[in-house]
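A short write-up of the structure that comes next.
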Amino acid sequence: MKLKYPKNGKFGEFGGRYIPETLVPAVEELEQAYLKYKDDVEFKKELQYYLTQYAGRPTPLYLAKNLTKFAGGAKIYLKREDLLHGGAHKINNTLGQGLLAKRMKKKRIIAETGAGQHGVATAMACAVLGMNGEVYMGYKDTQRQKLNVFRMNLLGSKVHPVKEGTQTLKDAINEAIRDWITNVKSTYYLLGSAVGPHPYPVMVRDFQSVIGNEILAQMKKLEKKSPDSVVACVGGGSNAIGTFYPLIDEDTKMFGVEAGGEGIKSGHHSATLVGGSKGILHGMLTYLLQDDEGQISETHSISAGLDYPGVGPEHSYLKDVKRVKYDAVNDKEAVEAFLLLSKHEGIIPALESAHAIAYAMKIARNMPKSESIVVTLSGRGDKDVEEVGRYLSKNVKNKK
Amino acid sequence: MSRIKSKFQDLRSKHQKALISYIMAGFPSERDTISAVRGLVKGGADIIELGMPFSDPLADGPVIQNAGFQALQKGMNLDKFLLLVKKIRMETDLPLILMTYTNILYRQGYDKFISIVKKAGIDGLILPDMSIDESKDFLQAAKKNNMDVIFLISPNTTPDRIKKISDSSSGFLYLVSVFGTTGGQQQFQNYTTHAIKNTKKILGGKIPLGVGFGVSNPDQAKFIIKSGADAIIVGSAFLRLMENTPSEKIESKIGQFTSSLKKATITE
């Protein structure tokens, strides 16, 4: 089941390379470089150096005692990716790809961002590695995540608000791809999730697998076994695939949690694997939210980072072979989990990660106390306090 | 013989190159699309390329993006598109090429989609995000339905790959003239001329070479033809013109512009 380096970039039927011809030499150059450096001793040493000294790895695996007590079932561990430099798991990938881009002698880096976390992590990698960063961000997202726009600017990257289409993550990716087509020779496209044409889904997964590898080692120390269950939120799915992939051959139940928005039945959600169908977008064949004619649907989630109509192709594969169970948590449940974790553990989670927390609380109740769940806390929630404030005041008003 | 192939043969005997004109189905309205077709026919276009809008057109620049967005807003869909093609078929016998994105076909199933549009009167397909490496099922379905498949190449496509791609193309091969998305260029650079000349050499006359992306006026058309192209493809310039022309004048304005471009394709 573990597809180490899938043939033709395919996970079963998913993935591949559905791209304009101009980009073919670029992804081939990228693949060559990745294959050359991924097992290169010097490259690995340098990445390891930045991950430990700059980003703050390894991250703790924290037993959330209060939360465990509150749920009243299995032990809940939190994989604290929120403690990384920049406040999210995204830096694992941007440092890896940044070092690769440097070896490829690309000076100009472009990226897309939803909530702004990948944009910030890209801006940090560019600053520390001495490269120029430009980040595409949906206009709607620049409005709901102003703090991150400010941070990217501080870190020396330029932010391009994207006013096309739905003005969210998918449109930011479209615009980044258009930039890449135009500046293909000079520019490295630093994709932030495990999506896009091959080799991005594999490469991003590999850089994020540090999460699952650490979980496995830490659990073997703490519990003398691999975790009984792991839970991670899924937008494009980079923190989730980084969590799942190293554990695929373990005896571990896996749960991917998508954004249920206002509920699957409402049609206002971003739960691609739960409510979607197969299609082709952003260079890959994968599950998508689309209408009967193949037009991509507008998505909704309170969390900008999960607000995406596609999903990484490896997740589509893991769904179809039934290795991972994908489910959805709606806005309301995510906000409740956001408040709960803040109050009970003193940890403000990113709204994205709050989806995973909410789901873990649900399943923990039905598991024996001897078992343990690891939840990947993919990011911290400072960026979301305003959004949650808006949500709460709106919903209190509605109740009146 | 396919309409596209015989069109190129006919033009060759007349010492002409082909003018391929792109318009977006349903932009600014369905009626205006028909008016534009009449203008294209009167002005002397050789092949008409009809865009079917897709929500995420990642190879397109602002003009075509906007046209597609507006067409979708006004309710363009597959049924309406087919009806429009049938109406166009009543106006003209010119070859009709459908340009859209792969997901529009994949959603219906390649075979089903291709057979439906073929029946309506489409002769060829252009999908900017369909890579030759992923095209097996698509090509099979196209072959089954006698549909021409026009693949795209770019100035950075390697000679080996150009050969491979041209072997799977029918009708003509589409060279993207520049690094960039669709839309007007100020001036072409040397690499475009090189790409045209090199590709022509590789093709060795086996299949015609069309050049598009950024060709927006007669001078540019002449330049591209002079460099060796067998066809020029003009899109965004037509859409810009339609955007700024009242409905009742679309036919005549498009007609004038088409004939100014067509002149550039007559080499003798």
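Proteins come first, then strands; the chains are lettered A, B, ... in the order of their sequence lines, and each starts at number 1. In this text the structure is predicted, and so the values were computed from the model without any measurement.
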*Can you find a pair of side-chain heavy atoms, one from B:Asn103 and one from A:Ile296, that are under 4.5 Å apart?*
yes
*Look at B:Val176, B:Asn77, B:Ile165 and state which one has the largest set of heavy-atom pairs under 4.5 Å with chain A.*
B:Asn77
*asked:* With a 4.5 angstrom heavy-atom cut-off, is it the side chain or the backbone of B:Tyr106 that approaches chain A, or both, or neither?
replied: side chain
*asked:* Between B:Ser135, B:Ser55, B:Pro128, who has the most heavy-atom pairs with chain A when the cutoff is under 4.5 Å?
replied: B:Ser55
*Engaged part of A:Asp292 at the chain B interface, taking heavy atoms whose separation is under 4.5 Å*: both
*What part of A:Leu281 is in contact with chain B, defined as an atom under 4.5 angstrom from a non-hydrogen atom: side chain, backbone, both or neither?*
side chain
*Should the heavy atoms of other residues, nucleotides or ligands under 6.0 Å from CZ of B:Arg31 be counted, would the total exceed 12?*
no
*When rounded to the nearest 0.5 angstrom, what distance separates OG1 in B:Thr102 from CG in A:Leu285?*
10.0 Å
*Of all the heavy-atom pairs spanning A:Ile280 and B:Tyr110, show the shortest one and how long it is.*
CD1-OH, 3.9 Å
*Which region of A:Leu288, side chain (C-beta onward) or backbone (N, CA, C, O), has a non-hydrogen atom less than 4.5 Å from a non-hydrogen atom of chain B, or is it both or neither?*
side chain
*Neighbour count >12 (heavy atoms, 6.0 Å) for atom CD, B:Gln108*: yes
*asked:* So for B:Leu127, is it side chain, backbone, both, or neither that comes closer than 4.5 Å to the heavy atoms of chain A?
replied: neither
*Using non-hydrogen atoms and a 4.5 Å limit, figure out which bit of A:Glu28 sits close to chain B: side chain, backbone, both or neither.*
side chain
*Is a side-chain donor or acceptor of A:Arg178 paired with a backbone partner of B:Pro57 at a separation under 3.5 angstrom?*
yes
*Supply the atom-to-atom distance B:Leu58 CG to A:Ile173 CD1, rounded to the nearest 0.5 angstrom.*
10.0 Å
_chain A contact via B:Asp60 - which portion, at a heavy-atom distance below 4.5 Å_ = backbone
_Can you tell me which portion of A:Lys278 sits under 4.5 Å from chain B's heavy atoms? Options are side chain, backbone, both or neither._
both
*Measuring heavy-atom distances to chain A, does B:Leu105 have an atom under 4.5 Å in its side chain, in its backbone, in both, or in neither?*
neither
*So which part of A:Gln295 gets closer than 4.5 Å to some heavy atom of chain B, the side chain, the backbone, both or neither?*
both
*Most heavy-atom pairs under 4.5 angstrom with chain A, which of B:Asp133, B:Leu72, B:Ile132?*
B:Leu72
*Which atom pair, heavy atoms only, marks the closest approach of B:Ser131 to A:Ile19?*
CB-O, 4.1 Å
_Please check if the number of heavy atoms outside A:Tyr139 that lie under 6.0 Å from its OH is greater than 12._
no
_Using 0.5 Å steps for rounding, measure from the OG1 atom of A:Thr22 to the CZ atom of B:Phe213._
7.0 Å
*asked:* So which residue, A:Gln290, A:Glu293, A:His282, A:Lys10, ends up with the most heavy-atom pairs under 4.5 Å with chain B?
replied: A:Glu293
*Is there a donor-acceptor contact under 3.5 Å from the side chain of B:Ser154 to the main chain of A:Glu21?*
no
*asked:* With a 6.0 Å cut-off (strictly less than), is the heavy-atom count around NZ of B:Lys74, excluding the residue itself, greater than 12?
replied: yes
*Does B:Asp129 reach the main-chain N or O of A:Tyr18 with its side chain, forming a donor-acceptor pair under 3.5 Å?*
no
*So which of A:Gly165, A:Ser297, A:Ser277, A:Gly283 has the largest heavy-atom pair count under 4.5 angstrom toward chain B?*
A:Ser277
